[in-house]
Amino acid sequence: MKNPDYLNQSVDSLAGVGAQTARRLEKLGIRIIQDLIFHLPHRYEDRTRIYPIGSLAAGMTVLICGKVEFTDILSRGRKSLICRVSDGTGFISIKFFHFAGAQHTLLKPGTMISCFSEVRQGFAGLEMVHPDYAILSKPDSCITETCLTPVYPLTEGVKQATLRKAIKQALRLCSEENQLLADWIPEAVLKQYRYPSLSEALQTLHAPDESVSIEALQNGSVPALKRLAFEELLAHHLSLRKTRNKIRVWQAPEFISDKTATDHFIRSLRFRLTDAQQRVMAEIEADCRRPQPMMRLIQGDVGSGKTVVSAYAALLALTAGYQVAVMAPTELLAEQHFRNFSAWFENFQTHVGFLTGQLKSSQRKDVLESLADGSTGIVIGTHALFQESVNFHRLGLIIIDEQHRFGVHQRLALREKGQQDNIRPHQLVMTATPIPRTLAMLQYSDLDISIIDELPPGRKPVVTSIIPSERRADVVQRINSWVDKKRQAYWVCTLIEESEALQCEAAEKTAQLLTETLPAVRVSLIHGRMKAVEKEAIMRAFKNHQIDLLVATTVIEVGVDVPNAGLMIIENPERLGLSQLHQLRGRVGRGEGDSYCLLMYQSPLSDTARHRLGILRDSNDGFVIAEKDLQLRGPGEVMGTRQTGQMHFKIADLARDSDLLNDIQQTGDRFFKDSPHAIQPLCDRWLGTSTEYSEV
Ligand code: ADP
Ligand code: MG
C-alpha cells in the first residue's frame, strides 16, 4: 500500500534511486519526491520524428536513422573513429574521439543505427560528434518518442537517464494521487489568466505532447510554462514579503529627533538640500520614530546626493544615543564616506571611526575598543565591519551603500549582528541603480523604497555624442587637448560579456596603443582580473591626479568621486544595456566644469542600436533610461547579471516573463488576505530550504 504522504518521502524510495544518488541530488535541492516534480527541464530535444539525412543543415538537433557504409579509425591529428551513414537521401559522418575497440567492430558496414545529436559543418560535409546512438536490429526498428524529450539540469554523478526515470515515476505517482499535490493558486486567478491546473501544467512541461512545439517552450508562450513561472515569481515575492512582515514585529530603538541638532546639521551644510532629499529625510525620520526596524532603500541616480541623506539618518541615531555603522563595498568608497562624515559631524561631539581589513592590528584594536565602549559614534568601513568580532556598545542604525552588491541574506545577517537583547537596528540601503517599479516589487519586496528623483541644482548634464569608430583619431586628439587643460578622462573597453579574459586582453591592448600614441599623457589600466588592492591603488592614483587617462573594462568602481575626470569614451557601446551605459557615464559629470561622454560605435550600426544610443544621448535621467531599457531589452539587462545573480529561478526568466511582474504584487496582496496558509507551502515548493533565511 502506498503511503498517502508519499510526496514528502525521500527520493530514495523510488526505484533506481539509491542512497548515493539521493545524496547527489541534494546538490540540486532535491530531497523529497515533490522536489523531483518541481525539477523542471531547462530545454527539450525532439526525438518524435526521424529526419531524412538529405534535409539536414548545420545547427539542427535531430534524430536520424541509416546504414553504416564504412567505418575507419583516423590517426592523423586527434585519433578518431569515423562512420559514414546514409539513408538514401544523403549521407553524414559520425565522429567519436573517445571510443573503444569494440565500437569499431560493432559499427561495421551494413549495420543500421539511429543517432541523435546536433548537426555540425565538418571538413567533408555534415557531421555528428559523439551522438547518442543505438544499433538497430531491423531497418525499421528505430524508436521515436511520443513527446518531446525533457533535458534536466544535472549534478555531478547523476545521469540524465536516471533523473528522467525518477521524475517519470514521481509524475506517475502524482497523477494517480492527484489530490495530494495541492494547487495553491486560487481558481479565480487561474480563470483570470487562463492558466491550466498545476498537475496539467507539470505534466505538459515534463512530457510535452504533440500540441506543444519546442519554439513555444523556448519563447515561453506555452500556458503551462507561464503558469509555473508566475507561481515561481509569486513564491519569491511572497517569501520576501513574509520576511518583511516578520521584521515588522521586531523591536527597534525609537529615534525622537532633536530639532536643535537637526537644524544645526542642515545649517552647517555647504549647500541647500533638494526637495527630493528633504522628502526622503522626512520618510526616514518617520520610520525611525517607530519602534520597529526601518528597512528602507534609497534609490537615486549617481550624484543625486544620497550620502548626506544617510548622514541625516545617522544624526537621528546619534542624538538618540545610538551608534551607526556605514558599510561601503570597497575601501576607496569607505574612505570617501569617512571624509564626508568626518566633516559633517565635526561639531557633534562624537568620534567617527574607520574600519577596514587593511588596518594595522594596533589601529584595529583601538577602533574595536572605542566601538565596544561607545566612544565612537559612527564607524565607516567595508565588510570587515560585520565579518569579525566587532562588538558595538549600542548599535541603532546600519547604512549600506551600493546595495546591489549585497543580497537578501546579507541584509538579514547584518541585522542579526547588531541585535542586542530584543532590539534590532534600523537599516538603510542606498543604490544608484534605478530599477523600474515592476522589477523593484520583485527584487526589493522586503524593503520600503524612497526615490531621490532630482539632482542638486547647477549640475550640468553630461553632453553625450555618438561617434563611429572611424573617427578614432579625432577622439584620441581630443584626449590630448583635454589632458593639456589638466583634466582627466576614462576610456572604457567593452567586449562580448562572456569572456572576461578577452575583455581584459582588449583593454590591455588599447592601453598600450594609447600609451604609444599619446606620449604626453599618463595612461593607466584597470580591469576585473586585477587584485582588489591593485585596483584600489590605481583608483587612488587616478583620484590624486597621478594618472591622466584611465583605460578600464566595464568593472570600474562604482561611486568613486573624481570630479576632475570629465571625459569618458566608451568603445562599442552598442554591446551594453542602456542602464549599464548610464551607470558608466555617471562617473563623469561630478565636478563644476563641462563633461562629455563619447559613445564610439563600430559601424554599421543597426537601427535599433542607433535608437537605443539616441535614448542615452537625449536623457540623463536613470529612471527614464531604465524604463526604456526594460521595454527594449528586458529586465536582465536593466538589473545586470550582478543583480539578477541574487535570485535564482528554476523556470522563470525575467527577460521572457516580464509581462507577469505587473500582476505579482496584486496576487500577492490577495494571498495575504485570503489564503495566508498557502504562503509557506508555496515558498517551500519553489525556494526549498533557502526560505529558511527568513529565520536568520
Ligand atoms: P550619490 O547619490 O551618487 O551617492 P553623493 O552623495 O556622493 O551622490 O553626492 C554627490 C555630490 O553632491 C557630493 O559632493 C555631495 O556633497 C554633493 N551634494 C549632495 N547634495 C547636494 C545638494 N543638495 N546641493 C549641492 N550639492 C550636493
Ligand atoms: Mg554614492
Side-chain angles (χ1 to χ4, degrees), residues 262-263 265-284 296-315 324-346 352 378 380-382 398-406 428-435 449-462 490 539 543 556-566 568 579-580 582-593 595 597 620-623 625-626 642-643:
T262 50
D263 282 353
F265 180 84
I266 291 170
R267 249 181 299 132
S268 65
L269 293 174
R270 271 182 296 157
F271 44 75
R272 212 193 136 270
L273 293 164
T274 63
D275 290 346
Q277 283 173 317
Q278 292 182 41
R279 190 189 65 237
V280 174
M281 284 171 174
E283 285 165 354
I284 292 170
R296 191 165 283 281
L297 173 73
I298 307 180
Q299 277 197 49
D301 233 332
V302 239
S304 59
K306 295 182 287 294
T307 323
V308 69
V309 172
S310 75
Y312 185 79
L315 174 73
V324 181
V326 183
M327 181 157 87
T330 65
E331 300 252 337
L332 208 61
L333 278 174
E335 275 174 29
Q336 190 170 297
H337 286 328
F338 176 64
R339 268 193 303 275
N340 281 325
F341 275 77
S342 298
W344 286 328
F345 287 96
E346 209 181 327
V352 181
I378 302 178
I380 321 263
T382 54
I398 298 170
I399 296 169
I400 308 173
D401 193 13
E402 301 301 349
Q403 126 82 19
H404 57 278
R405 296 207 181 176
F406 302 100
L428 188 65
V429 285
M430 301 187 272
T431 173
T433 316
I435 287 181
I449 298 177
S450 288
I451 294 175
I452 306 185
D453 50 4
E454 183 185 353
L455 291 181
R459 287 279 158 79
K460 292 190 207 142
V462 181
Y490 296 95
M539 279 315 291
K543 204 171 160 129
I556 38 179
E557 300 293 339
V558 280
V560 176
D561 235 344
V562 187
N564 191 43
M568 175 178 280
S579 301
Q580 200 182 354
H582 177 65
Q583 286 277 306
L584 286 170
R585 182 175 62 176
R587 286 173 186 80
V588 295
R590 292 179 169 228
E592 310 269 285
S595 52
C597 177
N620 266 282
D621 183 331
F623 285 97
I625 290 167
R642 214 166 32 201
Q643 282 130 294

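Predicted model only: the values in this text are computed from it and were never measured. In each ligand, atom 1 is the first atom listed, and ligand 1 is the first ligand listed.
- Shown in contact with Asp301 at under 4.0 Å from a heavy atom are these atoms of ligand 1, numbered in order with element: 2 (O).
- The shortest side-chain heavy-atom distance between Val326 and Asp401 does not fall under the 4.5 Å cut-off.
- For the salt bridge (Lys or Arg N to Asp or Glu O under 4.0 Å) condition, the pairs that include at least one residue of residues 334-345, sequence neighbours left out, are Glu335-Arg540.
- Near Thr307, the atoms of ligand 1 lying under 4.0 angstrom from a non-hydrogen atom of the residue are 4 (O), 5 (P), 6 (O), 7 (O).
- At least one N/O-N/O distance between Gly303 and ligand 1 falls below 3.5 Å.
- Looking only at side-chain heavy atoms (C-beta outward), Arg585 and Ile625 come within less than 4.5 Å of each other.
- Residue contacts with ligand 1 for Leu273 involve N, CA, C or O but no side-chain atom from C-beta outward (heavy atoms, distance under 4.0 Å).
- Near Arg272, with a cut-off below 4.0 Å to any heavy atom, the atoms of ligand 1 are 22 (C), 23 (N), 24 (N).
- Those atoms of ligand 1 that come under 4.0 Å of a heavy atom in Val302, given as number and element, are 3 (O).
- Looking at heavy atoms from C-beta onward, Gln278 lies in side-chain contact with Arg272 at the 4.5 angstrom threshold.
- Here's the thing with Trp344: none of its N/O atoms is less than 3.5 angstrom from an N/O atom of ligand 1.
- Per-residue contacts place Thr274 under 4.0 angstrom from the following atoms of ligand 1 (heavy atoms of the residue considered): 23 (N).
- Between Phe345 and Phe341, the angle of the ring planes stays under 30°, which puts this pair in the parallel group of the 30/60° scheme.
- Annotation: side chain of Val308 is in contact with side chain of Phe271 (closest heavy-atom distance under 4.5 Å).
- No side-chain heavy atom of Met281 sits under 4.5 Å from any side-chain heavy atom of Leu315.
- Proximity of Asn340 to ligand 1, defined as any heavy-atom pair under 4.0 Å, is not found for any part of the residue.
- The closest approach between Arg459 and ligand 1 falls below 4.0 Å for a heavy atom of the residue.
- Distances from ligand 1 to the non-hydrogen atoms of Val309 include no value under 4.0 Å.
- Neither the backbone nor the side chain of Gln299 has any atom closer than 4.0 Å to an atom of ligand 1 (non-hydrogen atoms only).
- Under a 4.0 Å heavy-atom criterion, Gly300 is not in contact with ligand 1.
- Here the side chains of Ile298 and Ile284 are in contact, with some heavy-atom distance below 4.5 Å.
- In terms of polar-atom proximity, Pro456 is not counted as a contact of ligand 1, lacking any N or O under 3.5 Å from an N or O of the ligand.
- Side chains of Met430 and Ile399 form a contact here, defined as non-hydrogen atoms less than 4.5 Å apart.
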